[in-house]
Asks: 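Submitted below is the structure of interest, expressed as C-alpha cells.
Not measured: the values here are computed from a predicted model. Just so it is clear: chains get the letters A, B, ... in the order the sequence lines come, proteins before strands, and each one is counted from 1.
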Amino acid sequence: MNFYKRTALVCRQIPKGKVATYGQIAMLCGKPKNARQVGYALGHNLAGDVPAYRVVNASGILSGAAAFETPDLQKQMLEQEGIRVNRTERGLQIDLKRDGWKNTMEDALWLRNEFEVRGI
DNA sequence: TCAGTGACCAGAC
DNA sequence: CGTCTGGCCACTG
C-alpha cells in the first residue's frame with residue numbers, strides 16, 4: 001500500500017544517531033493523522049526493511065521495544081549510535097530535545113520529490 | 001456491515 | 001513535569 005511504502009522511505013531517511021516520532025513520520029508521508037498506522041506498519045513489517053528502532057512515540061518513549069527480538073535490543077541499537085536511553089517508570093525514554101530528528105523544509109521537499117519520482 | 005484493536009497524539013487541566 | 005479524554009483510521013474477524 002502506498003502509505004506503507006512512504007513510511008519505509010521516510011524511516012530510511014532518519015539520520016544515524018537520531019530518532020523520529022510516529023507522528024513526525026506520518027506527517028512526512030502526507031498523512032498527519034496516521035501515526036497509529038505507522039506503528040501498525042512497523043509492528044507487522046509492512047514497511048519493509050527499515051531501521052524501526054529509530055522510531056519512538058511523541059513522549060520519546062520506546063513504545064515498541066517489546067516487539068523486538070530481545071527486550072533490550074532497541075535500547076542497545078540506539079546506544080550504539082550514541083543516543084542516550086533512560087530507564088523510567090513509563091519505560092525506556094529518549095530526550096527528544098537532544099536526540100530527536102529535526103526535519104528541515106529541505107528534507108520535506110526532497111521526500112516529496114522522491115515520492116513523485118517513484119510514483120508512491 | 002460492524003465492533004474491536006493498536007509500537008499514537010494534541011489539548012485541557 | 002503528570003493524568004485524563006476524545007479523536008484518529010487501517011486492518012481484522
Asks: Write down the distance between CZ (Arg36(A)) and C1' (dT12(C)), rounded to a whole number of angstrom.
Replies: 15 Å
Asks: Can you sort out the partners of Pro15(A) under side-chain contact (heavy atoms from CB on, under 4.5 Å), two or more places apart, ordered by chain and number?
Replies: Lys18(A), Trp101(A)
Asks: Going 5' to 3' along DNA chain B, which are the first and last nucleotides with any atom under 4.0 Å from a heavy atom of chain A?
Replies: dG6(B) to dC9(B)
Asks: Regarding Tyr22(A), tell me which of base, sugar-phosphate or nothing describes its non-hydrogen contacts under 4.0 Å with the strands shown.
Replies: base
Asks: Just checking Gly23(A): base, sugar-phosphate only, or nothing, at a heavy-atom cut-off of under 4.0 Å?
Replies: sugar-phosphate
Asks: Heavy atoms under 4.0 Å, any strand shown: does Ala26(A) hit a base, just sugar-phosphate, or nothing?
Replies: nothing
Asks: Please tell me whether Tyr53(A) and Gln80(A) have a donor and an acceptor in their side chains that are separated by less than 3.5 angstrom.
Replies: no
Asks: Which residues satisfy the side-chain hydrogen bond (donor to acceptor under 3.5 Å, both in side chains) test with Gln24(A), sequence neighbours excluded?
Replies: Asn103(A)
Asks: Does any part of the side chain of Val38(A), heavy atoms only, come nearer than 4.5 Å to the side chain of Asn34(A), both counted from C-beta?
Replies: no
Asks: If I take atom CZ from residue Arg54(A) and atom CD1 from residue Ile25(A), how far apart are they, to the nearest 0.5 angstrom?
Replies: 11.0 Å
Asks: NA contact type, Tyr4(A), heavy-atom cut-off 4.0 Å: base, sugar-phosphate, or nothing?
Replies: sugar-phosphate
Asks: Just the rounded figure in Å: distance from C1' of dC8(C) to CE of Met27(A).
Replies: 14 Å
